[in-house]
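First up is the structure itself, then whatever we jot down about it.
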Amino acid sequence: NSGGKVRGRRFMDEQRTERMGPGHTKTIGGRMELGQINEKTISTALSLTEKSRRKAERLIERYDQAKLPIHERKYMIDGTEQKGLVKRLLSVDIFSEIVDISTGYLVGIPVAINLNKERYQREASLFQKVKDKIVPGSSEKKLDEDSYLLQRYGIINDIDLQNAEVEKYCSIAGYCGRLNYVSGTEIMSKTIKPTECSFFDDAALYLYSMQEVTENTTKEVNYCRAYDSKYMYEFKNDDGGWKLVGLPVEHQFNGIPLVECKNNERANSDAYNSIDLLDQIDRLVSDWASESEQFRLAALIAMGKSKPNENFTKELKEKGAAFLPDGTDMKYLIKEIPYQQILALIKYLREEAFYTTKTPNMRDESFAGNLSGVALEYKFRPFEFKCVTKERYFTAFLRENYRLVCGIMSKFGKGDIAYSAIDFTFTRNYPKNLFEEAQTQSLLDGKVPVKDRLKLCSFISDPDKAAK
């Protein structure tokens with residue numbers, strides 16, 4: 001399994017598989033063709049992908065700070081849990097910081113989804129999709145109409161918000177899905193959490209649960225919708241195994257309507273290689289806090305030739321002070337804690353967590369002040385390398401999603417848009433040094449063409465318009 005997808009395999013009629021190392025499964029049995037989804041294969045498919053969904057669930061809980069390994073930590077001595085000790089279970093939320101920095105940087109500025117005019121006209125001419133509408137003077141009008149329909153789909157589905165959700169779940173768990181469906185006369189889309197979806201070569205599964213009410217009781221019932229390239233099958237698990245509900249329904253899309261988006265080739269999360277570092281930071285901070293509180297409860301010991309009398313102890317409790325006989329001394333019994341070394345170790349582990357995930361550490365002292373554009377580029381370069389990969393996989397996901405949407409639009413008479421004519425433009429949410437950019441414009445004024453000079457300005461979105 002890679003992420004939530006069983007790679008290189010179709011639904012199997014047999015459960016015999018051969019392990020080929022971590023993350024890979026080779027089919028030995030026969031393969032099922034499309035349309036052979038049934039109760040037996042659904043049960044097999046869900047068992048194969050159970051591990052991936054549970055892993056995604058744990059990562060989402062980590063992001064939400066809902067359930068962490070540190071919260072379940074126990075202090076054991078010789079196999080016995082010590083329950084009388086001061087035990088602080090604290091977490092340092094670096095995981096969500098890594099995810100939020102990545103999401104904000106890549107899609108904080110919404111992905112621009114527009115028709116490419118030149119490619120749009122060439123596609124219309126090449127494939128003759130709307131032969132009756134291709135007449136002199138009508139291409140511009142049709143381009144405007146299809147652009148409106150494309151933007152309308154994005155507006156009614158809050159596609160900018162959905163893209164941000166998709167990127168967030170990909171950063172957290174490495175993958176997620178988007179389900180397209182027809183509601184009345186509208187084409188709708190929704191983001192599916194990685195805990196609720198699994199993907200195969202020829203099908204995709206969407207799991208959800210509902211509370212069913214009967215007279216005086218409520219019961220949670222699990223459902224699974226399986227999609228192939230033509231039909232949607234709904235299964236219900238009512239404590240007696242998976243049962244098909246009704247007949248398969250034609251979903252009308254030209255392909256599987258539940259589309260997978262991956263974070264990278266192996267569908268790994270952004271912080272998959274730093275989980276141990278993050279857990280160690282939580283343990284260090286928790287132990288440090290516990291020892292600090294234990295210091296407040298330190299025992300006071302009296303040392304000397306003779307044992308203090310009862311009045312000594314009574315005066316000490318009432319007045320906080322007492323007369324010490326000759327030859328006696330008092331002090332607290334405490335443990336020496338190397339605070340500076342612990343602090344240095346926490347700082348090192350934190351920096352290492354950001355380094356291994358190629359994420360800029362925004363608390364880094366070197367970010368203080370007004371850095372030049374070149375200095376910022378060098379600090380962001382490893383992060384940018386990672387984001388380039390994320391962008392390419394995100395673009396592939398968007399292209400497949402819009403292939404399905406454009407196909408159903410054409411089927412319903414809501415435009416004839418060639419999905420290959422759609423441009424997806426990502427704009428990095430990058431810190432700007434506008435003073436430096438203004439100086440660059442002044443230095444280049446009169447030395448390079450106006451349009452080329454204006455293209456260097458991050459705050460000018462349309463250099464051609466600005467040049468006029």
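Computation of the quantities below employed the complete heavy-atom set of this structure, encompassing side-chain atoms and omitting hydrogens, waters and symmetry-equivalent molecules.
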(Q) For Q162 and T191, which I'm curious about, is there any donor-acceptor pair between the side chains at under 3.5 Å? (A) yes
Q.
Classify the ring geometry of H251 against F253: parallel below 30°, tilted from 30° to 60°, perpendicular beyond 60°.
A. tilted
Q. Distance only, no hydrogens: is a donor on one side chain within 3.5 Å (strictly under) of an acceptor on the other, for E384 and Y105?
A. yes
(Q) Any non-hydrogen side-chain atom of N263 less than 4.5 Å from a side-chain atom of K390? (A) yes
Q.
For L149 versus M409, what's the shortest heavy-atom pair and its separation?
A. O-CE, 3.7 Å
(Q) Under a 3.5 Å threshold, yes or no: a donor from one side chain and an acceptor from the other, between S43 and E39? (A) no
**Q.** salt bridge (charged side-chain N to carboxylate O under 4.0 Å, His left out) between K67 and E72, intermediate numbers included
**A.** CA-CA 8 Å; K67 188 177 181 181; E72 300 175 356; 3.8 Å; yes
Q: Take atom CE of M188 as the centre, draw a 6.0 Å sphere, and report whether it contains more than 12 heavy atoms from other residues, nucleotides or ligands.
A: yes
Q: Nearest 0.5 Å please: distance from the CD1 atom of I159 over to the CD atom of Q151.
A: 11.0 Å
Q. About how many Å separate CG of L284 and CG of D279, when rounded to the nearest 0.5 Å?
A. 11.5 Å
Q | Y120 and K142 side chains, donor-acceptor separation under 3.5 Å | A | yes
Q) Is the Y223-Y208 ring centre distance short of 6.0 angstrom? A) yes
Q. Are there more than 12 heavy atoms of other residues, nucleotides or ligands under 6.0 Å from atom CZ of F412?
A. yes
Q: Flag the pair D270 / T359 as yes when at least one side-chain heavy-atom distance between them is below 4.5 Å, and no otherwise.
A: no
Q. Is atom CD of E250 surrounded by more than 12 heavy atoms (other residues, nucleotides or ligands) closer than 6.0 Å?
A. yes
Q: For residues I346 and V92, determine if any side-chain heavy atom of one lies less than 4.5 Å from a side-chain heavy atom of the other.
A: no
Q. Do R225 and E196 sit within salt-bridge range, that is, some charged N less than 4.0 Å from a carboxylate O?
A. no
Q.
Using the rule given for salt bridge (charged side-chain N to carboxylate O under 4.0 Å, His left out), can you reason through K262 versus E265, listing the C-alpha separation, both sets of side-chain angles and the distance that settles it, and then say yes or no?
A. CA-CA 7 Å; K262 297 197 298 183; E265 181 186 9; over 6 Å; no
**Q.** Over 12 foreign heavy atoms within 6.0 Å of NZ, K386
**A.** yes
Q) Quick one: are N273 and T357 in side-chain contact, heavy atoms under 4.5 Å? A) yes
Q. Is the closest side-chain heavy-atom distance between T185 and K414 below 4.5 Å?
A. yes
Q) Where does the angle between the aromatic ring planes of F95 and Y63 fall among parallel (under 30°), tilted (30 to 60°) and perpendicular (over 60°)? A) perpendicular
Q) Side chains of Q65 and S96: closer than 4.5 Å at any heavy-atom pair? A) no
Q) Would you say the side chain of Y393 lies within less than 4.5 Å of the side chain of T389, judging by non-hydrogen atoms? A) yes
Q: Name all residues meeting the salt bridge (Lys or Arg N to Asp or Glu O under 4.0 Å) criterion together with K230; count only those two or more places apart in sequence or in a different chain, and write none if there are none.
A: none
Q: Give the intermediate values and the outcome of side-chain contact (heavy atoms from CB on, under 4.5 Å) for residues L277 and E351.
A: CA-CA 10 Å; L277 290 173; E351 290 174 352; over 6 Å; no
Q. Do other residues, nucleotides or ligands put more than 12 heavy atoms under 6.0 Å from the NZ atom of K55?
A. no
(Q) Once rounded to the nearest 0.5 Å, what's the spacing between atom CD1 of I156 and atom CD1 of I187? (A) 7.5 Å
Q. Roughly how far, to the nearest 0.5 Å, is CG of D287 from CZ of R73?
A. 4.0 Å
Q: Scan side-chain atoms only and decide if N38 and T41 contain a donor-acceptor pair under the 3.5 Å cut-off.
A: yes
Q) Does a side-chain heavy-atom distance below 4.5 Å link S102 with F383? A) yes
Q) Side chains of S420 and R119: is there a donor and an acceptor less than 3.5 Å apart? A) no
Q. Taking R350 for the side chain and I281 for the main chain, is one N or O donor matched with an acceptor at less than 3.5 Å?
A. no
Q: Considering only NZ, NE, NH1 and NH2 on the basic side and carboxylate oxygens on the acidic side, decide whether E57 and R54 come within less than 4.0 Å.
A: yes
Q.
Assess whether a salt bridge exists between R58 and E61, defined as any Lys/Arg side-chain N lying under 4.0 Å from an Asp/Glu carboxylate O.
A. no
Q: Any chance you could lay out the side-chain contact (heavy atoms from CB on, under 4.5 Å) test for L115 and I422, step after step, and finish with the verdict?
A: CA-CA 5 Å; L115 285 174; I422 302 175; 3.8 Å; yes
Q.
Quick check for you: to the nearest 0.5 Å, what is the distance between L207 atom CG and T49 atom OG1?
A. 7.5 Å
**Q.** Distance-only polar pair, side chains of N401 and Y419, donor-acceptor under 3.5 Å
**A.** no
Q. So how far is it from K190 NZ to Y206 OH, rounded to the nearest 0.5 Å?
A. 3.5 Å
Q: Kindly determine whether F394 and F424 satisfy ring-ring contact (aromatic ring centres under 6.0 Å, His included), including the steps that lead there.
A: CA-CA 10 Å; F394 205 120; F424 307 102; 9.1 Å; no
**Q.** Residue pair E167, S171: steps toward the side-chain hydrogen bond (donor to acceptor under 3.5 Å, both in side chains) verdict
**A.** CA-CA 6 Å; E167 171 55 27; S171 296; 2.9 Å; yes
(Q) For a salt bridge (charged side-chain N to carboxylate O under 4.0 Å, His left out) check, start with the C-alpha distance between K168 and E165, then their side-chain angles and the critical distance, and finish with the verdict. (A) CA-CA 5 Å; K168 182 185 75 172; E165 288 179 342; over 6 Å; no
